[in-house]
Amino acid sequence: MNVRVRFAPSPTGYLHMGSARTAIFNWIYARQQGGTMILRIEDTDMQRSSEEMVRGIIEGMEWLGIDYDEGPYFQSDYIDKHREAVDRLLANGQAYRDFTPKEERDDAMIKRQVSEAARQGKERNPWRDLPVEESKARAAAGEPFVVRLRVPEAGSSVFEDIIYGRQERDFSEIEDLALMRSDGYPLYNLSVVVDDITMRISHVIRGQDHLMNTHKQILIYRGLGAEPPQFAHLPLILAPGREKLSKRRHGEIVSITTYRDRGFVPEAFFNFLVLLGWTPPGGEVLSRQRMLEVFRLDAIHKSNAIFNFAEGDPQSWTDPKAIWMNGEYIKAMPLDDLVPLVTGELRRAGLWQDDFDGNRREWLAQTIALLRERYRLLTDFPTLGRPYFVESLDFSYEQASIEKNLRKDPALKRLLPGLAERYAALGEFTHQTTEAALREYAAEEGVKAGLLINAARTALTGQSVGPGMFDIIAIMGHVRTVERLRHAATLI
RNA sequence: GGCGCGUUGGUGUAACUGGUUAACACGCCGCCCUCUCAAGGCGGAGAGCACGGGUUCGAGUCCCGUACGCGCUACCA
């Protein structure tokens, strides 16, 4: 079978995490099966739609590296087809006109009564049985009506979901849903089905919130004489506490752009997202290539995934596992791929210098290679890594680090400048020569090398953690090292 | 309210068609390395599988009920 899947977001202006994950699973399945990935914008809700809002979605997909073979199609471009389908349903008796005045339906009191009646599973819509001729005549006379699907009285709807298994629902539980509004605009359930038929979709992979809708949609497929596709419903992504994850409640954290802006490597976030609802066999960190090899739709979980983060806690502003995952990518990805990403961050932070991709091109690569070992976000390079990229003393010294490494021993007030002079006199300035000089100086002064080494770390970086000291010195270079050692003495 | 789906350590999950001391990852804690660590290496604590019944020689795995969560129940998508 020719696999054709679609990702069908509504144009909200940004790519929601949940939507992104849906897109990812569609994409993986399409690519794995050698099928076709289609992007369709569900903009039937006209007010919400605009160019800009669509762009936000596409940008998010591009960042994640999710491409598509067809589209973007716009649902609103197919309204004529939707209406035509409604006419066919009306003609073959699968649908009927409901002339209940709109105001009456909108009335809260009546709404309650109607739902109360529906609750008791009692009466069907009376307009269901209006003779066809009278129905036509009223419509022709200009009386407004909504078109409803004629759901069978008895029996049940059954389908096999690839993920959730056999689904059965009694027809008596399914209301005669509206297909077209009284203003002539087709409604969601009708539109998706018609579009999926015309786009020859073979597998509908979407959120579990549509699981119940599927019974209705299958009825529409049948009414239209079409064979329904395969369905695979994905578990939802919930916020901590198993509550719904929403932009309103949780803010920027649900938008993919947040992750782009806060230092995530696209592949890493893609990998993390894939874990929300699926466990790959043999390890959670895996390349896309590997995903395509081992992915199985029916291995997706049934229970909702929880996106774990602590509101207000800067340490875990997002799922700690996502941050860990990102660190794994930063450590393991080819350096040539990492350098441009870090370059972007340095530019954005105003730390970029022209010779970084000229004379100091190699130096930049070495510095990134050194720092990547302990960084987990791309933004760590301009923030934590600032002392490595600025020429001057324009970086801050952590107070705790000053206490711990500089003020620990008053002798450092004298030793640091002393070390600076030894270094200033050094001809060749490398890892080896600087280490030898430092150890020699420490021996002469009768102090432990570690005292000088740790003091130097704080002097050069303002921090008490970081790479091996002589690696740092080699990266900092002769001039900055001497300057910073001298300067540090003034802090004691 | 009705209907549907789900419920394994703090989190994400594993455990083939019921059968060893419930496994892995993140996080947490400790130790080691050592010039430091938010790096690396090693180890540890933490669930008896939502709860209550039942079937069975034996159940996280099957059945029933309860609780909780989520979803659907619009002339929204």
Side-chain angles (χ1 to χ4, degrees), chain A residues 8-12 42-45 48 75 98 100 102 105-106 111 115-116 118-121 144-148 161 163-165 167-170 172-175 177-189 191-192 207-216 233 235-236 238 240-244 272 275-285 301-309 315-316 319-325 327 331 372-376 380 384 401 404-405 435 438-439 448-458 461 463-470 472:
Chain A
S10 48
T12 45
E42 311 235 303
D43 59 346
T44 310
D45 191 3
R48 292 222 304 239
Q75 189 156 69
D98 177 344
T100 309
K102 188 174 191 302
R105 280 267 169 194
D106 286 346
K111 208 165 203 168
S115 70
E116 190 58 39
R119 180 171 305 165
Q120 265 133 41
F145 61 87
V146 51
V147 177
R148 290 182 181 281
D161 188 90
I163 294 165
Y164 282 89
Q167 298 296 312
E168 180 166 8
R169 199 179 188 198
D170 210 276
S172 65
E173 297 295 335
I174 305 174
E175 75 289 353
L177 67 147
L179 302 176
M180 192 170 77
R181 307 200 301 206
S182 53
D183 62 5
Y185 274 96
L187 267 342
Y188 173 73
N189 281 117
S191 300
V192 253
Q208 186 245 46
D209 46 345
H210 290 290
L211 194 58
M212 290 295 99
N213 280 337
T214 306
H215 289 104
K216 303 174 191 172
H233 287 91
L236 269 21
L238 267 29
R242 297 198 173 272
E243 62 176 9
K244 193 174 169 175
F272 170 72
L275 262 27
L276 261 23
W278 178 52
T279 306
E284 296 180 322
V285 182
H301 314 139
K302 296 187 183 71
S303 58
N304 293 157
I306 294 180
F307 181 62
N308 196 28
F309 59 92
Q315 276 301 309
S316 44
D319 199 313
K321 193 158 186 171
I323 296 176
W324 164 80
M325 177 75 73
K331 272 189 269 259
R372 84 203 289 204
E373 287 304 320
R374 54 205 75 213
Y375 286 174
R376 299 191 298 174
D380 287 342
L384 297 176
S401 182
K404 182 182 169 198
N405 290 333
E435 175 159 12
L438 183 141
R439 290 193 187 280
K448 288 208 284 189
L451 179 72
L452 292 177
I453 288 171
N454 287 325
R457 188 191 323 283
T458 296
T461 68
Q463 298 160 12
S464 48
V465 304
M469 193 50 228
F470 301 101
I472 295 178

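When reading the values below, keep in mind they use all heavy atoms of this one structure, side chains included, and skip hydrogens, waters and symmetry mates. So you know, we letter chains A, B, ... as the sequences are listed, proteins then strands, and number each from 1.
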What closest approach, in Å, do [X] and [Y] show between heavy atoms, and which atom pair accounts for it?
X	Y	answer
A:Arg457	A:Ile472	NH1-CD1, 4.0 Å
A:Gln75	A:Ser191	NE2-CB, 3.5 Å
A:Val285	A:Trp324	CG2-CH2, 3.7 Å
A:Pro235	A:Tyr164	CA-OH, 3.5 Å
A:Met180	A:Val146	O-CG2, 3.0 Å

Atom-pair distance ([atom1] on [X]; [atom2] on [N]), nearest Å:
X	N	atom1	atom2	answer
A:Ile306	B:rU7	CD1	C1'	10 Å
A:Leu276	B:rU13	CG	C1'	11 Å
A:Leu275	B:rU11	CG	P	16 Å
A:Asn405	B:rC37	CG	P	10 Å
A:Asp209	B:rC72	CG	C1'	9 Å
A:His215	B:rG2	NE2	P	19 Å
A:Met212	B:rC5	CE	P	6 Å
A:Asp183	B:rA74	CG	P	18 Å

5' precedence on RNA chain B between A:Ala8 and A:Gln167 (nearest-nucleotide basis):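 The answer here is A:Gln167.
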Heavy-atom nearest nucleotide on RNA chain B for A:Glu175 versus A:Asp319: which residue maps closer to 5'?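 The answer here is A:Asp319.
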So does A:Arg181 get a side-chain nitrogen or oxygen closer than 4.0 Å to the phosphate oxygens (OP1/OP2) of B:rC76?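 Indeed, a polar side-chain atom of A:Arg181 lies that close.
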Given B:rA14, is OP1 or OP2 found less than 4.0 Å from the side-chain N or O atoms of A:His301?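 Yes, because at least one side-chain N or O of A:His301 sits under 4.0 Å from OP1 or OP2 of B:rA14.
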For the [atom1] atoms, the ones on [N] and on [M], what distance do you get once it is rounded to whole angstrom?
N	M	atom1	answer
B:rG30	B:rU13	P	29 Å
B:rG9	B:rG46	P	15 Å
B:rC72	B:rG10	P	29 Å
B:rU20	B:rU7	C1'	26 Å
B:rA15	B:rA25	C1'	15 Å
B:rU17	B:rG12	P	23 Å
B:rA39	B:rC29	P	12 Å
B:rA50	B:rU61	P	8 Å

Using a heavy-atom cut-off of 4.0 Å across all strands, would you classify [X] as base, sugar-phosphate, or nothing?
X	answer
A:Gly277	sugar-phosphate
A:Pro467	base
A:Ala178	sugar-phosphate
A:Thr279	sugar-phosphate
A:Gly468	base
A:Ser182	base
A:Asn213	base
A:Lys448	nothing

[X] has a side chain; which of [options] sits nearest to it?
X	options	value
A:Leu236	B:rC70, B:rC26, B:rA77	B:rC70
A:Ala305	B:rC76, B:rC72, B:rG12	B:rG12
A:Glu173	B:rC3, B:rA77, B:rC35	B:rC3
A:Arg376	B:rG27, B:rC3, B:rA77	B:rG27
A:Arg457	B:rC35, B:rA39, B:rC37	B:rC35
A:Ser303	B:rC35, B:rU7, B:rC70	B:rU7
A:Leu211	B:rC35, B:rU13, B:rC5	B:rC5
A:Asn454	B:rU36, B:rA39, B:rC26	B:rU36

Quick one: the side chain of A:Lys321 and the base of B:rA25, do they pair up donor-acceptor inside 3.5 Å?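 Present.
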Examine the base of B:rG12 for any acceptor or donor lying under 3.5 Å from a partner atom in the side chain of A:Glu284, and report the outcome as yes or no.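 Yes, the side chain and the base share a sub-3.5 Å donor-acceptor pair.
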Hey, what do you get for NE2 (A:His301) to OG1 (A:Thr279), rounding to the nearest 0.5 Å?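 So the gap between those two atoms works out to 3.0 Å.
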A:His210 NE2 to A:Lys216 NZ distance, which is reported to the nearest 0.5 Å: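 Rounded to the nearest 0.5 Å, the NE2-NZ separation comes to 11.0 Å.
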A:Lys448 atom NZ: more than 12 heavy-atom contacts under 6.0 Å: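 Not buried by this count: 12 neighbours or fewer within 6.0 Å.
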Pair assignment for [N], Watson-Crick or G-U wobble, requiring both distances under 3.5 Å:
N	value
B:rC72	B:rG2
B:rU66	B:rA50
B:rU17	none
B:rG58	none
B:rC33	none
B:rG9	none

Considering only NZ, NE, NH1 and NH2 on the basic side and carboxylate oxygens on the acidic side, decide whether A:Asp183 and A:Arg181 come within less than 4.0 Å.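 Salt bridge: yes.
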Hey, is B:rG48 sitting syn or anti, using the within-90° cutoff around 0?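 Syn conformation for B:rG48.
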